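The next block holds one structure in the form of structure tokens; read it before the comments.
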Amino acid sequence: MKHLRLFKYVDAIVREGSVRRAADKLHITASALDRRVQDLEDELGSSIFERHPRGMRLTAAGEVFLVYVRRHLSDMQRLRSEIDSLNGVRRGQVSLAVSPALASDFIPRIINTSEVSPFFREENRHGQQKCRSLNIVIYS
């Protein structure tokens, strides 16, 4: 399932807006990440990103590819959930919407001091504003 890793790479670049920031989040080098994207673009026969000094933007082909990527990542999440259900483990996603005052200080402090911090991740959904999401595993 190596293609899923590549899908996560593309998704991270889109969310972060640049190869460097995505590479930092993915814990790989920016040059390795950019090389993977270039290899993908060669394989597809089309650029999926426009490269700019301040980051990267999706091309029309990239927009089409991103829909495909996110659909497959979502399908994989559902598959894992179904397999976990067979094994007696249930997972879910909790989306928390809070005021900017709480989002910037209070909520991260609570999450960072709890046992769930390894499941916490930050997502960029609204331009430069960061949104935070928390994946929780509940055992019954």
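Small disclaimer: the values here were computed from a predicted structure and weren't measured.
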Return the set of residues passing side-chain contact (heavy atoms from CB on, under 4.5 Å) with Ser31 (not counting sequence neighbours), or none when no residue passes.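 Only Thr29 meet the side-chain contact (heavy atoms from CB on, under 4.5 Å) criterion with Ser31.
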Residue list, side-chain contact (heavy atoms from CB on, under 4.5 Å) with Arg57, at least two apart or on another chain: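 Partners of Arg57 by the side-chain contact (heavy atoms from CB on, under 4.5 Å) criterion, ordered by chain and then number, come out as Glu50, His52.
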Show your reasoning for whether side-chain hydrogen bond (donor to acceptor under 3.5 Å, both in side chains) applies to Gln38 and Asp42. CA-CA 6 Å; Gln38 289 174 0; Asp42 290 345; over 6 Å; no
What pairs of donor and acceptor atoms, side-chain ones from residues 61-71 against any protein atom, are under 3.5 angstrom apart with sequence neighbours left out?
unit_1, atom_1, unit_2, atom_2, d
Arg70, NE, Asp11, OD1, 2.6
Arg70, NH2, Asp11, OD1, 2.9

Compare every heavy atom of Thr59 with every heavy atom of Phe49, then report the nearest pair and how far apart it is.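 Closest approach of Phe49 to Thr59, heavy atoms only: C-CG2, 3.7 Å.
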Closest heavy-atom contact between Ala22 and Leu33?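 Heavy atoms of Ala22 and Leu33 come nearest at CB-CD2, 3.8 Å.
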Rounded at 0.5 Å granularity, tell me how far [atom1] in [X] sits from [atom2] in [Y].
X     : Y     : atom1 : atom2 : result
Leu40 : Arg35 : CG    : CZ    : 11.5 Å
Lys8  : Leu26 : NZ    : CG    : 9.5 Å
Arg15 : Lys25 : CZ    : NZ    : 11.0 Å
Arg36 : Ile13 : CZ    : CD1   : 11.5 Å

List the steps and the verdict of side chain to side chain contact (heavy atoms under 4.5 Å, CB included) for Val37 and Arg51. CA-CA 11 Å; Val37 170; Arg51 287 154 175 82; 3.5 Å; yes
Residue list, salt bridge (Lys or Arg N to Asp or Glu O under 4.0 Å) with Arg20, at least two apart or on another chain: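 Arg20 satisfies salt bridge (Lys or Arg N to Asp or Glu O under 4.0 Å) with Asp24 only.
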Among residues at least two apart in sequence or on other chains, which ones pass salt bridge (Lys or Arg N to Asp or Glu O under 4.0 Å) with Asp75?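 With sequence neighbours excluded, Asp75 shows a salt bridge (Lys or Arg N to Asp or Glu O under 4.0 Å) to Arg78, given in chain and number order.
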Where the side chain of Glu41 meets the backbone of Ile48, is there a donor-acceptor pair that is under 3.5 Å apart?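 Yes.
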Evaluate the criterion side-chain hydrogen bond (donor to acceptor under 3.5 Å, both in side chains) for residue pair Arg80 and Gln77; output intermediate values, then yes/no. CA-CA 5 Å; Arg80 285 186 179 133; Gln77 233 176 359; over 6 Å; no
For His27, check side-chain hydrogen bond (donor to acceptor under 3.5 Å, both in side chains) against everything at least two apart and list the hits.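 Residues passing side-chain hydrogen bond (donor to acceptor under 3.5 Å, both in side chains) with His27: none at all.
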